[in-house]
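Counting convention: from 1, in listed order, for ligands and their atoms alike.
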Amino acid sequence: MKDVFFIERDPYAPVRHCYTISKILYEGKSKYQEIMVLESPEFGKLLVLDGVVQLDEKYEFLYHEYLAHVPLHAHPSPENVLIIGGGDGGTLREVLKHSCVRRAVLVDIDREVIEVSRRFFPTLSCSFDDTRAIVVNEDGYRYIQDYENEFDVVLVDSTDPVGFAHVLTTEEFFRFVHRALKEDGILTAQTESIHYHLDMVVKIQNNLKKVFPIVDLYTSVVPIYAGYWWTYSIASKKYSVRTPRRAVEVPTKIYSEEMHKYAFLPENFYRRLLSGEYKY
Ligand code: SAM
């Protein structure tokens with residue numbers, strides 16, 4: 001059989017990944033975005049939104065474990081967690097591994113992403129039926145405005161900050177999150193590539209610093225994301241975040257107490273990155 005290729009259509013990255021594809025499993029268009037599910041011999045199934053690969057079955061843990069477990073272990077007892085975006089369910093799965101979590105609300109604007117994930121990605125969508133999970137289909141920017149002193153941890157697992165996801169990077173949004181968090185709450189957001197999107201990373205960090213007393217940046221390598229070296233911005237009202245505050249008892253593939261500490265950039269490099277001294 002001849003190889004068939006899928007070339008990513010990422011408006012926000014200077015490279016285009018090209019995947020060998022064995023099958024197109026699903027193609028559709030929701031009210032918000034184009035949704036595709038592709039089968040790749042190397043990566044397993046791929047979820048593609050508006051031409052951008054969001055996750056692959058083989059390496060998704062590298063993103064979801066870091067997004068969820070770093071803030072959840074920096075908090076002494078997270079009970080009430082809000083996920084904005086994350087309609088594939090991977091972040092929810094990681095959050096609900098914590099037995100202290102009593103309620104996890106997932107707010108994804110697009111119901112169809114959840115339906116597609118339930119149908120094609122059982123290893124990601126496996127926690128939607130957990131009794132502690134609440135799924136809401138609404139714009140996260142709108143949803144958060146109704147809450148005050150409600151959540152221990154808020155996780156932003158959104159698509160690239162263009163279009164309807166852009167509002168999730170603004171100072172106004174972070175002020176709403178600050179109000180919705182309890183007095184010792186923590187926010188983490190995926191904030192794109194450390195190299196290809198450095199201006200965006202710096203902008204988001206500066207927006208967070210206007211609102212939260214403790215702001216930091218950690219990273220993981222995600223082989224399918226443009227630039228590979230992916231950033232997560234973390235903001236905390238009270239607790240330092242560079243070391244876990246609880247023993248790591250959840251089952252993981254890569255996250256551990258040691259990986260938590262190594263995920264954070266050395267202080268000097270972090271400072272140079274934000275001040276613009278790190279040039280390339
Ligand atoms: N891990 C992925 C990545 O970084 O490429 C993100 C995957 S997840 C499927 C992204 C989800 O965010 C999508 O399902 C999209 O519908 C949702 N989303 C984007 N903007 C949103 C908003 N303003 N409110 C709620 N959900 C949003």
Hey, which atoms in ligand 1 end up nearer than 4.0 Å to a heavy atom of Gln54?
1 (N), 2 (C), 3 (C), 5 (O), 6 (C), 7 (C)
What are the atoms of ligand 1, with element, lying closer than 4.0 Å to any heavy atom of Tyr225?
1 (N), 2 (C), 3 (C), 4 (O), 5 (O)
Give yes if a backbone or side-chain nitrogen or oxygen of Trp230 is under 3.5 Å from a nitrogen or oxygen of ligand 1, and no if not.
no
If you count the atoms of ligand 1 from 1 in the order shown, which ones are under 4.0 Å from a heavy atom of Gly85?
11 (C), 12 (O), 17 (C), 26 (N)
Which of these, Val37, Leu46, Asp88, sits in a side chain to side chain contact (heavy atoms under 4.5 Å, CB included) with Phe121?
Val37
For atom 13 (C) of ligand 1, which of Asp157, Val113, Asp108, Ile109 has the closest heavy atom?
Asp108
Taking the six-membered ring for Trp, is the centroid-to-centroid distance between Tyr59 and Tyr63 below 6.0 Å?
no
Under 4.0 Å to a heavy atom of Asp110 - the qualifying atoms of ligand 1, by number
16 (O)
Sub-4.0 Å atoms of ligand 1 with respect to non-hydrogen atoms of Asp139:
22 (C), 23 (N), 24 (N)
Does any N or O atom in Asp88 lie less than 3.5 angstrom from one in ligand 1, N or O only?
no
Carboxylate-amine/guanidinium proximity below 4.0 Å for Arg175 and Glu171:
yes
May I ask you to check whether Tyr141 and Phe176 place their ring centres under 6.0 Å from each other?
yes
Should the pair Asp56-Lys58 be classified as a salt bridge under the 4.0 Å nitrogen-to-oxygen rule?
no
Between Glu277 and Arg271, does at least one N-O distance fall below 4.0 Å, as a salt bridge requires?
yes
What are the atoms of ligand 1, with element, lying closer than 4.0 Å to any heavy atom of Gly140?
22 (C), 24 (N), 25 (C)
Please confirm whether Val167 comes within less than 3.5 Å of ligand 1 when only nitrogen or oxygen atoms on both sides are compared.
no
Looking at Arg103 and Glu150, is any side-chain nitrogen of the basic one under 4.0 Å from a carboxylate oxygen of the acidic one?
yes
Please classify the Tyr63 to ligand 1 contact at 4.0 Å (heavy-atom distances, strictly less than): side chain, backbone, both or neither.
side chain
